[in-house]
Visitor: 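First the structure, then my questions, so here it is.
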Amino acid sequence: MTQSRPRKVVFGLLPWPERQAVAEALRTETVGGLALLAAAVVALVWANSPWSAAYESVRDFHFGIPALGLDLSVAHWTADGLLAIFFLVAGIELKRELVVGELRTPATAALPVIAALCGMAVPAAVYTLVAASGGGSLDGWAVPMATDIAFALAVLAVISTHLPAALRAFLLTLAVVDDLGAILIIAIFFTSDLNLWALGGAFAGLILFYALQRFRVRGWWWYVPLGVATWALMYNSGVHATVAGVTMGLILRTTRDKGEAASPGARVSHLVHPFSAGVAVPLFALFAAGVGISGAALAHVFTDPEPLGVFLGLVAGKILGIYLGTYLAARFTRAQLNPDLAWADVFGLATLAGIGFTVALLIGELAFPNGAEAEHIKAAVLIGSLTAALLAAALLRRRNRLYRRLWEDEERDEDADGIPDIYQTGPAGGGR
């Protein structure tokens with residue numbers, strides 16, 4: 001008789017190198033998420049204070065270089081400029097996942113990719129169903145599709161929940177795939193009239209960027225001016241400028257050559273990620289989240305089909321999509337859930353993934369660029385993300401005693417050698 005293959009354990013112990021890489025990324029995102037929360041609160045308070053006119057004046061102030069087509073408002077500089085840095089980091093993280101991380105083989109990629117795709121498709125379907133049944137616009141179908149990893153980790157920090165590393169890594173991978181989906185949607189569906197000359201120049205810049213990487217050219221003085229020029233050309237082409245950021249992130253090499261202490265992607269991420277998480281994204285939130293909150297405005301969220309579709313897409317569609325996608329992927333791949341966890345823990349994680357702040361606001365601005373409808377969509381994103389955060393807090397706090405025990409087992413290092421004991425006494429990468 002042939003021996004059956006062992007079933008893969010879902011949310012088991014991460015391999016040590018993957019654990020280190022994930023821990024560094026999540027540490028930065030958590031700190032940035034707290035700054036993001038603070039910026040969102042400041043924006044809401046400022047926009048609803050007696051000084052709201054000053055907020056609008058700062059947000060709408062224009063500066064730049066008109067001759068180069070870069071005379072933008074402060075809000076547009078943060079959305080088109082600073083978020084390009086955010087997507088640069090997202091591109092590097094996606095490249096790392098594809099080359100050395102969870103997405104490098106079909107077997108390990110199946111679960112997070114299927115969960116992420118379901119977590120994008122179901123919210124879009126919920127929005128479409130709600131908007132169509134109410135006679136509303138279908139333009140906002142993509143708004144509730146993305147998970148905000150920084151906001152989600154900030155919620156974990158605030159409620160002091162010790163999720164096991166594998167669950168946090170899964171959340172990070174979900175967000176990375178979501179970001180790729182979001183940038184593809186932005187590039188394909190939210191591209192204005194194309195300037196083919198500028199687009200050709202942007203592609204030429206990306207080809208040169210690739211050539212510099214291919215021939216191992218080093219030195220920031222090559223890459224920074226080229227990156228800025230490519231971003232400006234992409235902006236003027238009519239394609240959203242953040243596409244340039246994620247493409248350059250995907251081009252950067254994430255494997256080390258012999259004699260290298262770190263790959264170019266790792267070096268850039270180490271330098272840029274703190275700025276992205278701690279400055280770029282919070283500044284975007286400061287000038288994107290400032291919406292007027294009143295009884296009438298809140299009523300629009302639950303009565304108008306478009307904002308209601310966004311709200312239900314985040315709170316119901318995102319949660320059900322990720323949970324069902326994870327469950328079906330595990331069944332399809334004959335994977336076994338970590339015996340220390342239950343499917344209720346996966347549902348709590350899916351609820352946390354219903355927080356869709358930064359990218360949802362960006363797509364909302366692109367789908368509804370003008371008028372009161374844009375403010376109602378922003379309000380729906382804020383209320384939906386807050387609702388998902390409160391639900392996640394309630395669900396995850398109930399299991400925090402278990403999470404704390406698992407976290408302590410993973411972190412215990414009695415011989416103080418810098419490597420947790422579980423990696424020296426048990427099979428790395430397996431379950432318990």
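Note that these values count all heavy atoms, side chains included, but never hydrogens, waters or copies made by symmetry.
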Visitor: Sequence neighbours left out, what pairs pass ring pair (Phe, Tyr, Trp, His ring centres under 6.0 Å) with at least one residue falling in residues 80-109?
Guide: none

Visitor: For Y55 and R59, does a side-chain donor sit closer than 3.5 Å to a side-chain acceptor?
Guide: no

Visitor: Can you see which heavy atom on L250 is nearest to which on K95, and at what distance?
Guide: O-NZ, 2.8 Å

Visitor: Which heavy atom of I183 sits nearest to which heavy atom of V243, and what is that distance?
Guide: CD1-N, 3.9 Å

Visitor: Write down the atom of V291, the atom of N48, and the distance for their closest heavy-atom approach.
Guide: O-ND2, 3.0 Å

Visitor: Is a salt bridge present between D345 and R398, judged by a nitrogen-to-oxygen distance below 4.0 Å?
Guide: no

Visitor: Go through the steps to decide whether R216 and E260 satisfy the test salt bridge (charged side-chain N to carboxylate O under 4.0 Å, His left out), and finish with yes or no.
Guide: CA-CA 11 Å; R216 304 304 194 259; E260 279 188 323; 5.9 Å; no

Visitor: Give me each pair satisfying ring pair (Phe, Tyr, Trp, His ring centres under 6.0 Å) with a member in residues 371-394, each pair once, sequence neighbours excluded.
Guide: H300-H376

Visitor: Applying side-chain contact (heavy atoms from CB on, under 4.5 Å) between V155 and each of L396, L352, L386, report the one that passes.
Guide: L352

Visitor: Do Y127 and W141 pass the ring-ring contact (aromatic ring centres under 6.0 Å, His included) test, and can you show the C-alpha distance, the side-chain angles, and the key distance before you say yes or no?
Guide: CA-CA 6 Å; Y127 175 91; W141 61 272; 8.8 Å; no

Visitor: When Y323 is tested against each of V346, L349, V122 for side-chain contact (heavy atoms from CB on, under 4.5 Å), which residue passes?
Guide: V346

Visitor: Is D178 reaching over with its side chain to a backbone N or O of T147, donor-acceptor style, under 3.5 angstrom?
Guide: yes

Visitor: Which atom pairs, donor and acceptor, lie under 3.5 Å between side-chain atoms of residues 68-77 and protein residues at least two apart or in another chain?
Guide:
from: S73; atom 1: OG; to: H76; atom 2: N; distance (Å): 3.1
from: S73; atom 1: OG; to: H76; atom 2: ND1; distance (Å): 3.0
from: W77; atom 1: NE1; to: F63; atom 2: O; distance (Å): 2.9
from: W77; atom 1: NE1; to: L72; atom 2: O; distance (Å): 3.4

